[in-house]
There are 2 protein chains.
Amino acid sequence: MPDQRSRLRDQRRADTQRAIQAQAVRLFSERGYDATTVHDVAEAAGVSPMTVYRHFPTKEDLVLLDDRGQLVAERIAAAPAAQPLVRRIGGALIESAAALTGGSHRDFLLARLRLMISTPALRAKHLDNQYALQQAIVAAVGDDAADPDSAFRVQAAASACLAALHTAVVRWAEDDGRTDLPALISTALTAAFGDDVGGRAPTHRTDGPTTRSGQGP
Amino acid sequence: MPDQRSRLRDQRRADTQRAIQAQAVRLFSERGYDATTVHDVAEAAGVSPMTVYRHFPTKEDLVLLDDRGQLVAERIAAAPAAQPLVRRIGGALIESAAALTGGSHRDFLLARLRLMISTPALRAKHLDNQYALQQAIVAAVGDDAADPDSAFRVQAAASACLAALHTAVVRWAEDDGRTDLPALISTALTAAFGDDVGGRAPTHRTDGPTTRSGQGP
DNA sequence: ACCAATCTGGTAGTGACTATCACCAAGGTA
DNA sequence: TACCTTGGTGATAGTCACTACCAGATTGGT
(Lines give C-alpha, C1' and ligand atoms only; values in the text may rest on other atoms or scores of the structure.)
Protein backbone atom coordinates (compact mmCIF):
# COMPACT_ATOMS: atom_id res chain seq x y z
CA MET A 1 0.00 0.00 0.00
CA PRO A 2 1.57 3.22 -1.05
CA ASP A 3 -1.03 4.85 1.11
CA GLN A 4 0.17 3.49 4.37
CA ARG A 5 3.80 3.81 3.42
CA SER A 6 3.60 7.47 2.65
CA ARG A 7 1.53 7.98 5.77
CA LEU A 8 4.23 6.45 7.92
CA ARG A 9 6.98 8.35 6.20
CA ASP A 10 5.11 11.59 6.39
CA GLN A 11 4.56 10.97 10.07
CA ARG A 12 8.25 10.45 10.75
CA ARG A 13 9.09 13.38 8.60
CA ALA A 14 6.72 15.60 10.53
CA ASP A 15 8.16 14.34 13.81
CA THR A 16 11.76 15.21 13.03
CA GLN A 17 10.59 18.49 11.59
CA ARG A 18 8.82 19.37 14.82
CA ALA A 19 11.83 18.29 16.87
CA ILE A 20 14.18 20.45 14.85
CA GLN A 21 11.89 23.45 15.01
CA ALA A 22 11.43 23.06 18.76
CA GLN A 23 15.18 23.03 19.34
CA ALA A 24 15.63 25.96 16.97
CA VAL A 25 13.09 28.15 18.71
CA ARG A 26 14.52 27.22 22.09
CA LEU A 27 18.10 28.06 21.10
CA PHE A 28 17.11 31.23 19.27
CA SER A 29 15.16 32.41 22.30
CA GLU A 30 17.99 31.59 24.68
CA ARG A 31 21.04 32.79 22.77
CA GLY A 32 19.54 35.02 20.14
CA TYR A 33 18.85 34.33 16.49
CA ASP A 34 22.05 35.70 15.01
CA ALA A 35 24.23 34.16 17.65
CA THR A 36 22.90 30.69 16.90
CA THR A 37 24.13 28.85 13.82
CA VAL A 38 22.22 26.24 11.89
CA HIS A 39 24.96 23.86 12.96
CA ASP A 40 24.02 24.50 16.59
CA VAL A 41 20.39 23.72 15.87
CA ALA A 42 21.31 20.52 14.07
CA GLU A 43 23.50 19.43 16.95
CA ALA A 44 20.80 20.14 19.51
CA ALA A 45 18.28 18.17 17.47
CA GLY A 46 20.67 15.30 16.98
CA VAL A 47 20.82 15.51 13.21
CA SER A 48 23.26 16.82 10.65
CA PRO A 49 23.11 20.34 9.22
CA MET A 50 22.18 18.77 5.90
CA THR A 51 19.05 17.29 7.39
CA VAL A 52 18.04 20.66 8.79
CA TYR A 53 18.27 22.20 5.35
CA ARG A 54 16.27 19.32 3.92
CA HIS A 55 13.37 20.16 6.20
CA PHE A 56 13.70 23.93 6.32
CA PRO A 57 14.89 25.67 3.18
CA THR A 58 16.22 28.68 5.06
CA LYS A 59 17.25 29.49 8.60
CA GLU A 60 14.29 31.84 8.91
CA ASP A 61 11.88 29.04 8.12
CA LEU A 62 13.02 27.33 11.30
CA VAL A 63 10.86 29.90 13.07
CA LEU A 64 8.32 30.88 10.46
CA LEU A 65 7.14 27.61 8.94
CA ASP A 66 3.70 26.48 9.90
CA ASP A 67 0.44 25.54 8.28
CA ARG A 68 -1.97 28.20 9.44
CA GLY A 69 -2.13 30.14 6.21
CA GLN A 70 -4.61 27.99 4.40
CA LEU A 71 -6.84 27.86 7.45
CA VAL A 72 -7.62 31.54 7.02
CA ALA A 73 -8.16 31.27 3.30
CA GLU A 74 -10.61 28.42 3.82
CA ARG A 75 -12.64 30.43 6.26
CA ILE A 76 -12.76 33.34 3.87
CA ALA A 77 -14.02 31.18 1.09
CA ALA A 78 -16.69 29.88 3.46
CA ALA A 79 -17.84 33.36 4.53
CA PRO A 80 -21.10 34.69 3.11
CA ALA A 81 -20.32 36.73 0.04
CA ALA A 82 -23.06 39.24 0.69
CA GLN A 83 -21.15 41.08 3.41
CA PRO A 84 -18.84 43.96 2.70
CA LEU A 85 -15.28 42.97 1.97
CA VAL A 86 -13.49 44.12 5.06
CA ARG A 87 -16.08 42.57 7.31
CA ARG A 88 -15.94 39.32 5.42
CA ILE A 89 -12.17 39.12 5.66
CA GLY A 90 -12.00 40.52 9.16
CA GLY A 91 -14.53 38.03 10.45
CA ALA A 92 -12.54 35.14 9.05
CA LEU A 93 -9.39 36.49 10.68
CA ILE A 94 -11.09 36.74 14.05
CA GLU A 95 -12.43 33.22 13.79
CA SER A 96 -9.07 31.85 12.78
CA ALA A 97 -7.38 33.62 15.67
CA ALA A 98 -9.83 32.09 18.10
CA ALA A 99 -9.08 28.65 16.75
CA LEU A 100 -5.31 29.15 16.82
CA THR A 101 -4.90 30.65 20.26
CA GLY A 102 -7.06 27.98 21.79
CA GLY A 103 -4.64 25.21 20.93
CA SER A 104 -2.10 23.68 23.24
CA HIS A 105 0.85 25.13 21.36
CA ARG A 106 0.03 28.63 22.52
CA ASP A 107 3.33 29.10 24.33
CA PHE A 108 5.26 27.83 21.35
CA LEU A 109 3.39 30.23 19.12
CA LEU A 110 4.16 33.08 21.49
CA ALA A 111 7.84 32.25 21.55
CA ARG A 112 7.92 32.23 17.77
CA LEU A 113 6.08 35.53 17.60
CA ARG A 114 8.50 37.16 20.01
CA LEU A 115 11.36 36.08 17.79
CA MET A 116 9.58 37.35 14.69
CA ILE A 117 9.01 40.74 16.25
CA SER A 118 12.46 41.28 17.66
CA THR A 119 14.61 39.85 14.86
CA PRO A 120 14.76 41.99 11.73
CA ALA A 121 15.38 39.13 9.33
CA LEU A 122 12.47 37.15 10.73
CA ARG A 123 10.20 40.15 10.83
CA ALA A 124 10.90 40.91 7.18
CA LYS A 125 10.28 37.41 5.93
CA HIS A 126 7.19 37.08 8.08
CA LEU A 127 5.75 40.20 6.52
CA ASP A 128 6.47 38.76 3.11
CA ASN A 129 4.65 35.59 4.12
CA GLN A 130 1.67 37.70 5.06
CA TYR A 131 1.88 39.24 1.64
CA ALA A 132 1.61 35.74 0.21
CA LEU A 133 -1.34 35.07 2.49
CA GLN A 134 -2.93 38.19 1.07
CA GLN A 135 -2.77 36.68 -2.40
CA ALA A 136 -4.41 33.54 -1.09
CA ILE A 137 -7.16 35.60 0.48
CA VAL A 138 -7.76 37.52 -2.71
CA ALA A 139 -8.05 34.25 -4.56
CA ALA A 140 -10.42 32.90 -1.92
CA VAL A 141 -12.66 35.94 -2.11
CA GLY A 142 -13.00 35.31 -5.81
CA ASP A 143 -14.74 38.59 -6.51
CA ASP A 144 -14.68 39.38 -10.17
CA ALA A 145 -11.18 38.26 -10.88
CA ALA A 146 -11.73 39.26 -14.46
CA ASP A 147 -12.09 42.94 -13.73
CA PRO A 148 -8.66 44.32 -12.81
CA ASP A 149 -10.19 47.29 -11.09
CA SER A 150 -12.27 45.12 -8.82
CA ALA A 151 -9.29 42.87 -8.15
CA PHE A 152 -7.32 45.92 -7.15
CA ARG A 153 -9.94 46.93 -4.63
CA VAL A 154 -9.96 43.45 -3.15
CA GLN A 155 -6.18 43.62 -2.83
CA ALA A 156 -6.41 46.94 -1.04
CA ALA A 157 -9.05 45.73 1.38
CA ALA A 158 -7.25 42.47 2.10
CA SER A 159 -3.92 44.16 2.68
CA ALA A 160 -5.47 46.65 5.07
CA CYS A 161 -7.21 43.88 7.00
CA LEU A 162 -4.00 41.88 7.27
CA ALA A 163 -2.13 44.94 8.44
CA ALA A 164 -4.65 45.45 11.22
CA LEU A 165 -4.34 41.77 12.06
CA HIS A 166 -0.59 42.07 12.26
CA THR A 167 -0.85 45.02 14.59
CA ALA A 168 -3.14 43.05 16.85
CA VAL A 169 -0.91 40.00 16.85
CA VAL A 170 2.11 42.09 17.75
CA ARG A 171 0.22 43.63 20.61
CA TRP A 172 -0.92 40.19 21.72
CA ALA A 173 2.64 38.90 21.79
CA GLU A 174 3.89 41.98 23.62
CA ASP A 175 1.22 41.25 26.19
CA ASP A 176 2.47 37.68 26.52
CA GLY A 177 -0.86 36.42 25.26
CA ARG A 178 -2.77 37.61 28.29
CA THR A 179 -5.27 39.59 26.24
CA ASP A 180 -7.85 37.85 24.12
CA LEU A 181 -6.50 37.87 20.59
CA PRO A 182 -9.85 37.91 18.75
CA ALA A 183 -10.82 40.93 20.80
CA LEU A 184 -7.59 42.67 19.92
CA ILE A 185 -8.14 41.98 16.25
CA SER A 186 -11.63 43.36 16.53
CA THR A 187 -10.32 46.50 18.16
CA ALA A 188 -7.69 46.95 15.47
CA LEU A 189 -10.25 46.49 12.70
CA THR A 190 -12.55 49.00 14.34
CA ALA A 191 -9.75 51.50 14.73
CA ALA A 192 -8.93 51.21 11.07
CA PHE A 193 -12.31 50.78 9.42
CA GLY A 194 -14.85 52.12 11.85
CA ASP A 195 -17.37 50.74 14.28
CA ASP A 196 -19.51 49.02 11.73
CA VAL A 197 -16.81 46.61 10.66
CA GLY A 198 -14.81 45.52 13.62
CA GLY A 199 -17.96 44.69 15.41
CA ARG A 200 -17.45 41.21 16.30
CA ALA A 201 -20.07 39.37 15.43
CA PRO A 202 -23.54 38.83 15.30
CA THR A 203 -22.61 37.06 12.15
CA HIS A 204 -19.92 34.90 13.63
CA ARG A 205 -21.17 33.25 16.69
CA THR A 206 -18.17 31.02 17.12
CA ASP A 207 -17.26 32.41 20.43
CA GLY A 208 -17.16 35.41 22.58
CA PRO A 209 -14.27 37.19 24.10
CA THR A 210 -13.34 34.34 26.35
CA THR A 211 -12.90 31.04 24.69
CA ARG A 212 -10.84 29.89 27.55
CA SER A 213 -12.44 31.37 30.56
CA GLY A 214 -9.78 31.94 33.01
CA GLN A 215 -7.45 33.73 30.81
CA GLY A 216 -8.16 37.35 31.18
CA PRO A 217 -6.40 39.73 33.45
CA MET B 1 36.57 75.71 8.14
CA PRO B 2 35.35 72.29 9.08
CA ASP B 3 31.98 73.36 7.73
CA GLN B 4 32.99 73.61 4.12
CA ARG B 5 35.25 70.62 4.29
CA SER B 6 32.56 68.28 5.56
CA ARG B 7 30.16 69.70 3.03
CA LEU B 8 32.56 68.80 0.26
CA ARG B 9 33.14 65.35 1.65
CA ASP B 10 29.44 64.70 2.09
CA GLN B 11 28.95 65.77 -1.49
CA ARG B 12 31.54 63.35 -2.81
CA ARG B 13 30.17 60.65 -0.59
CA ALA B 14 26.66 61.17 -1.92
CA ASP B 15 28.00 61.12 -5.47
CA THR B 16 29.72 57.76 -5.22
CA GLN B 17 26.71 56.42 -3.37
CA ARG B 18 24.42 57.43 -6.19
CA ALA B 19 26.81 56.02 -8.77
CA ILE B 20 26.99 52.67 -7.00
CA GLN B 21 23.24 52.46 -6.61
CA ALA B 22 22.66 53.35 -10.24
CA GLN B 23 24.99 50.59 -11.41
CA ALA B 24 23.43 48.15 -8.96
CA VAL B 25 19.89 48.78 -10.13
CA ARG B 26 20.98 48.57 -13.73
CA LEU B 27 22.79 45.25 -13.26
CA PHE B 28 20.04 43.77 -11.12
CA SER B 29 17.45 44.71 -13.71
CA GLU B 30 19.51 43.31 -16.56
CA ARG B 31 20.85 40.09 -15.08
CA GLY B 32 18.61 39.53 -12.10
CA TYR B 33 19.23 40.23 -8.45
CA ASP B 34 20.48 36.82 -7.39
CA ALA B 35 22.62 36.38 -10.47
CA THR B 36 24.50 39.60 -9.75
CA THR B 37 27.13 39.65 -7.02
CA VAL B 38 28.19 42.62 -4.99
CA HIS B 39 31.56 42.18 -6.62
CA ASP B 40 29.94 42.76 -10.01
CA VAL B 41 28.33 45.94 -8.79
CA ALA B 42 31.60 47.19 -7.38
CA GLU B 43 33.38 46.49 -10.62
CA ALA B 44 30.73 48.27 -12.68
CA ALA B 45 30.93 51.28 -10.40
CA GLY B 46 34.70 51.30 -10.51
CA VAL B 47 35.21 50.77 -6.81
CA SER B 48 36.19 47.88 -4.59
CA PRO B 49 33.63 45.58 -2.90
CA MET B 50 34.71 47.04 0.41
CA THR B 51 33.62 50.48 -0.66
CA VAL B 52 30.21 49.15 -1.64
CA TYR B 53 29.75 47.71 1.82
CA ARG B 54 30.86 50.98 3.37
CA HIS B 55 28.03 52.80 1.63
CA PHE B 56 25.37 50.10 1.69
CA PRO B 57 25.28 47.83 4.74
CA THR B 58 23.57 45.01 2.85
CA LYS B 59 23.06 43.99 -0.74
CA GLU B 60 19.35 44.69 -0.41
CA ASP B 61 20.05 48.27 0.57
CA LEU B 62 21.58 48.78 -2.85
CA VAL B 63 18.00 48.86 -4.10
CA LEU B 64 16.03 49.94 -1.06
CA LEU B 65 17.97 52.84 0.39
CA ASP B 66 16.46 56.25 -0.09
CA ASP B 67 15.25 59.16 1.94
CA ARG B 68 11.54 59.42 1.27
CA GLY B 69 10.59 57.98 4.65
CA GLN B 70 10.90 61.12 6.64
CA LEU B 71 9.11 63.06 3.95
CA VAL B 72 5.91 61.23 4.75
CA ALA B 73 6.33 61.57 8.48
CA GLU B 74 6.86 65.31 8.14
CA ARG B 75 3.66 65.70 6.17
CA ILE B 76 1.75 63.74 8.74
CA ALA B 77 3.02 65.88 11.53
CA ALA B 78 1.97 68.90 9.52
CA ALA B 79 -1.56 67.63 8.86
CA PRO B 80 -4.39 69.14 10.87
CA ALA B 81 -4.95 67.01 13.93
CA ALA B 82 -8.67 67.52 13.87
CA GLN B 83 -9.26 65.12 11.00
CA PRO B 84 -9.89 61.45 11.59
CA LEU B 85 -6.83 59.28 11.61
CA VAL B 86 -7.09 57.44 8.34
CA ARG B 87 -7.83 60.60 6.45
CA ARG B 88 -4.97 62.40 8.09
CA ILE B 89 -2.51 59.66 7.26
CA GLY B 90 -4.00 58.88 3.88
CA GLY B 91 -3.90 62.52 2.83
CA ALA B 92 -0.24 62.77 3.72
CA LEU B 93 0.49 59.63 1.73
CA ILE B 94 -1.27 61.00 -1.33
CA GLU B 95 0.58 64.29 -1.10
CA SER B 96 3.90 62.55 -0.72
CA ALA B 97 3.19 60.34 -3.69
CA ALA B 98 2.41 63.36 -5.82
CA ALA B 99 5.71 64.92 -4.82
CA LEU B 100 7.72 61.77 -5.45
CA THR B 101 6.30 60.76 -8.81
CA GLY B 102 6.68 64.25 -10.15
CA GLY B 103 10.45 64.20 -9.82
CA SER B 104 12.90 63.42 -12.55
CA HIS B 105 13.96 60.11 -11.03
CA ARG B 106 10.61 58.52 -11.83
CA ASP B 107 12.12 55.87 -14.09
CA PHE B 108 14.74 55.04 -11.53
CA LEU B 109 12.04 54.71 -8.88
CA LEU B 110 10.04 52.44 -11.16
CA ALA B 111 13.03 50.22 -11.83
CA ARG B 112 13.65 49.89 -8.12
CA LEU B 113 10.00 49.09 -7.48
CA ARG B 114 9.97 46.40 -10.12
CA LEU B 115 12.94 44.79 -8.44
CA MET B 116 11.31 45.05 -5.02
CA ILE B 117 8.15 43.38 -6.24
CA SER B 118 9.74 40.53 -8.13
CA THR B 119 12.62 39.67 -5.80
CA PRO B 120 11.57 37.92 -2.58
CA ALA B 121 14.49 39.14 -0.51
CA LEU B 122 13.90 42.73 -1.57
CA ARG B 123 10.17 42.48 -1.11
CA ALA B 124 10.60 41.18 2.42
CA LYS B 125 13.02 43.85 3.51
CA HIS B 126 10.97 46.54 1.84
CA LEU B 127 7.93 45.48 3.81
CA ASP B 128 9.99 45.64 6.96
CA ASN B 129 11.07 49.14 6.02
CA GLN B 130 7.43 50.08 5.70
CA TYR B 131 6.92 48.69 9.15
CA ALA B 132 9.61 51.07 10.36
CA LEU B 133 7.89 53.89 8.51
CA GLN B 134 4.73 52.97 10.36
CA GLN B 135 6.49 53.58 13.65
CA ALA B 136 7.63 56.96 12.38
CA ILE B 137 4.07 57.81 11.40
CA VAL B 138 2.73 56.78 14.78
CA ALA B 139 5.29 58.99 16.40
CA ALA B 140 4.40 61.85 14.09
CA VAL B 141 0.71 61.53 14.82
CA GLY B 142 1.48 61.91 18.47
CA ASP B 143 -2.01 61.03 19.62
CA ASP B 144 -2.08 60.20 23.27
CA ALA B 145 1.13 58.27 23.39
CA ALA B 146 0.58 57.78 27.08
CA ASP B 147 -2.55 55.70 26.67
CA PRO B 148 -1.50 52.29 25.33
CA ASP B 149 -4.98 51.62 24.06
CA SER B 150 -5.04 54.77 21.99
CA ALA B 151 -1.54 54.08 20.75
CA PHE B 152 -2.68 50.65 19.65
CA ARG B 153 -5.50 52.12 17.61
CA VAL B 154 -3.12 54.54 15.93
CA GLN B 155 -0.88 51.61 15.06
CA ALA B 156 -3.79 49.74 13.55
CA ALA B 157 -4.94 52.68 11.47
CA ALA B 158 -1.43 53.50 10.28
CA SER B 159 -0.67 49.92 9.32
CA ALA B 160 -3.90 49.65 7.35
CA CYS B 161 -3.19 52.90 5.52
CA LEU B 162 0.32 51.79 4.64
CA ALA B 163 -0.99 48.47 3.42
CA ALA B 164 -3.38 50.23 1.09
CA LEU B 165 -0.54 52.47 -0.04
CA HIS B 166 1.61 49.46 -0.79
CA THR B 167 -1.14 47.87 -2.85
CA ALA B 168 -1.46 51.06 -4.86
CA VAL B 169 2.28 51.37 -5.41
CA VAL B 170 2.49 47.78 -6.62
CA ARG B 171 -0.30 48.42 -9.05
CA TRP B 172 1.40 51.59 -10.20
CA ALA B 173 4.64 49.76 -10.89
CA GLU B 174 2.85 46.93 -12.67
CA ASP B 175 1.32 49.62 -14.83
CA ASP B 176 4.76 51.03 -15.59
CA GLY B 177 3.75 54.28 -13.96
CA ARG B 178 1.16 55.12 -16.56
CA THR B 179 -1.61 55.59 -14.04
CA ASP B 180 -1.64 58.51 -11.68
CA LEU B 181 -0.24 57.25 -8.40
CA PRO B 182 -2.11 59.63 -6.08
CA ALA B 183 -5.36 58.55 -7.74
CA LEU B 184 -4.46 54.91 -7.24
CA ILE B 185 -3.74 55.51 -3.60
CA SER B 186 -7.02 57.29 -3.22
CA THR B 187 -8.83 54.38 -4.83
CA ALA B 188 -7.09 51.89 -2.56
CA LEU B 189 -7.94 53.92 0.53
CA THR B 190 -11.53 54.15 -0.55
CA ALA B 191 -11.71 50.42 -1.22
CA ALA B 192 -10.42 49.72 2.25
CA PHE B 193 -12.04 52.42 4.35
CA GLY B 194 -15.09 53.50 2.43
CA ASP B 195 -16.14 56.31 0.18
CA ASP B 196 -15.85 58.99 2.76
CA VAL B 197 -12.13 58.88 3.26
CA GLY B 198 -11.61 61.31 0.47
CA GLY B 199 -14.47 63.43 1.72
CA ARG B 200 -15.63 63.26 5.29
CA ALA B 201 -14.76 61.13 8.15
CA PRO B 202 -15.57 57.49 8.17
CA THR B 203 -15.12 56.84 11.68
CA HIS B 204 -13.25 56.65 14.53
CA ARG B 205 -13.92 58.52 17.56
CA THR B 206 -11.20 58.17 20.00
CA ASP B 207 -13.25 55.62 21.79
CA GLY B 208 -15.75 53.61 19.93
CA PRO B 209 -18.53 51.68 21.56
CA THR B 210 -17.31 48.34 20.33
CA THR B 211 -13.74 48.87 21.27
CA ARG B 212 -12.89 46.76 24.21
CA SER B 213 -10.74 48.75 26.49
CA GLY B 214 -11.13 46.23 29.22
CA GLN B 215 -7.65 44.93 29.12
CA GLY B 216 -6.15 48.15 30.27
CA PRO B 217 -3.80 48.61 33.17
C1' DA C 1 16.92 -12.48 -0.89
C1' DC C 2 16.37 -8.51 -4.02
C1' DC C 3 14.97 -3.94 -5.81
C1' DA C 4 13.58 0.76 -5.61
C1' DA C 5 12.58 4.91 -3.35
C1' DT C 6 13.63 7.83 0.24
C1' DC C 7 16.20 9.71 4.09
C1' DT C 8 20.46 10.94 5.66
C1' DG C 9 25.47 12.40 5.97
C1' DG C 10 30.00 14.20 4.08
C1' DT C 11 32.69 17.26 1.00
C1' DA C 12 33.58 20.83 -1.37
C1' DG C 13 32.24 24.81 -3.18
C1' DT C 14 29.80 30.11 -3.82
C1' DG C 15 28.65 34.41 -2.01
C1' DA C 16 27.24 37.81 1.55
C1' DC C 17 29.25 40.05 5.20
C1' DT C 18 32.96 41.31 8.98
C1' DA C 19 37.36 42.37 11.26
C1' DT C 20 41.71 43.97 10.84
C1' DC C 21 45.42 45.84 8.64
C1' DA C 22 47.83 49.36 5.68
C1' DC C 23 47.61 53.20 2.13
C1' DC C 24 46.49 57.66 0.45
C1' DA C 25 44.49 62.38 -0.25
C1' DA C 26 43.17 66.94 2.04
C1' DG C 27 43.60 70.52 5.36
C1' DG C 28 45.94 72.75 9.29
C1' DT C 29 50.25 73.81 11.90
C1' DA C 30 55.14 74.75 12.79
C1' DT D 1 58.85 71.72 3.48
C1' DA D 2 57.99 68.45 6.96
C1' DC D 3 54.45 66.72 10.21
C1' DC D 4 50.06 65.24 11.81
C1' DT D 5 45.21 64.29 11.92
C1' DT D 6 41.04 62.75 9.56
C1' DG D 7 38.27 60.14 6.55
C1' DG D 8 37.86 57.51 2.37
C1' DT D 9 39.76 53.41 0.27
C1' DG D 10 41.78 48.74 -0.64
C1' DA D 11 43.58 43.89 0.28
C1' DT D 12 43.50 39.64 3.20
C1' DA D 13 41.45 36.31 5.80
C1' DG D 14 37.78 34.65 8.15
C1' DT D 15 32.54 33.15 9.50
C1' DC D 16 28.25 31.51 8.06
C1' DA D 17 24.10 30.60 5.20
C1' DC D 18 23.22 27.87 1.52
C1' DT D 19 23.97 24.57 -2.67
C1' DA D 20 25.45 21.03 -5.63
C1' DC D 21 27.27 16.38 -5.87
C1' DC D 22 28.12 11.92 -4.22
C1' DA D 23 27.89 7.81 -0.90
C1' DG D 24 25.72 4.99 2.70
C1' DA D 25 21.61 3.46 5.36
C1' DT D 26 16.78 2.43 6.03
C1' DT D 27 12.28 1.08 4.63
C1' DG D 28 8.36 -0.88 1.73
C1' DG D 29 7.21 -3.95 -1.79
C1' DT D 30 8.34 -8.23 -4.81
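Values reported hereafter were calculated over all heavy atoms of this structure, with side chains retained and with hydrogens, waters and symmetry mates removed. First the proteins, then the strands, lettered A, B, ... as listed; each starts at 1. Quantities reported herein were computed from a predicted structural model and do not represent experimental measurements.
The separation between A:Lys125 atom NZ and D:dA17 atom P is 14 Å, rounded to whole Å. Atom CZ in A:Arg12 sits about 6 Å away from atom P in D:dT27, given to the nearest Å. Rounding to whole angstrom units, CZ of residue A:Arg13 and C1' of C:dA5 are separated by 14 Å. Here the C1' atom of nucleotide D:dG8 and the CD atom of B:Gln11 are 15 Å apart, to the nearest Å. The distance from atom CD1 of B:Ile20 to atom C1' of D:dG10 is 13 Å, rounded to the nearest whole Å. Whole-Å rounding puts the A:Asp15 CG to C:dC7 C1' distance at 14 Å. Nucleotide C:dT18 holds its P atom 10 Å from the CG atom of A:Asp34, rounded to whole Å. Put simply, CD on A:Glu43 is 13 Å from P on D:dC16, counting in whole angstrom units.
With a 4.5 Å cut-off on side-chain heavy atoms, B:Gln21 and B:Leu62 do not count as touching.
Only one option out of A:Asp175, A:Asp176, A:Asp107 pairs with A:Arg114 in a salt bridge (charged side-chain N to carboxylate O under 4.0 Å, His left out); it is A:Asp176.
Among the nucleotides C:dG15, D:dC21, D:dT9, the one closest to any side-chain atom of B:His55 is D:dT9. For B:Val47, whose side chain is taken as the heavy atoms from C-beta onward, the closest listed nucleotide among D:dA17, C:dC17, D:dG10 is D:dG10. Listed candidates were D:dT9, C:dT18, C:dA16. Nearest to the side chain of B:Arg54 is D:dT9. Relative to the side chain of A:Tyr53, the nucleotides D:dT19, C:dA16, D:dC16 differ in distance, and D:dT19 lies closest.
Under the 4.0 Å criterion applied to side-chain N and carboxylate O atoms, B:Asp66 and B:Arg112 are assigned as salt-bridge partners. A salt bridge links A:Arg31 with A:Asp40: the closest approach of a Lys/Arg side-chain nitrogen to an acidic carboxylate oxygen falls below 4.0 angstrom. Salt-bridge annotation for A:Arg18 and A:Asp15: present, with a side-chain N of the basic residue lying under 4.0 Å from a carboxylate O of the acidic one.
Comparing A:Ser48 and B:Lys59, the nucleotide of DNA chain C nearest to each residue sits closer to the 5' end for A:Ser48. Nearer to the 5' terminus of DNA chain D, by closest-nucleotide assignment, is the contact made by B:Pro49 (compared with the other of A:Met50 and B:Pro49).
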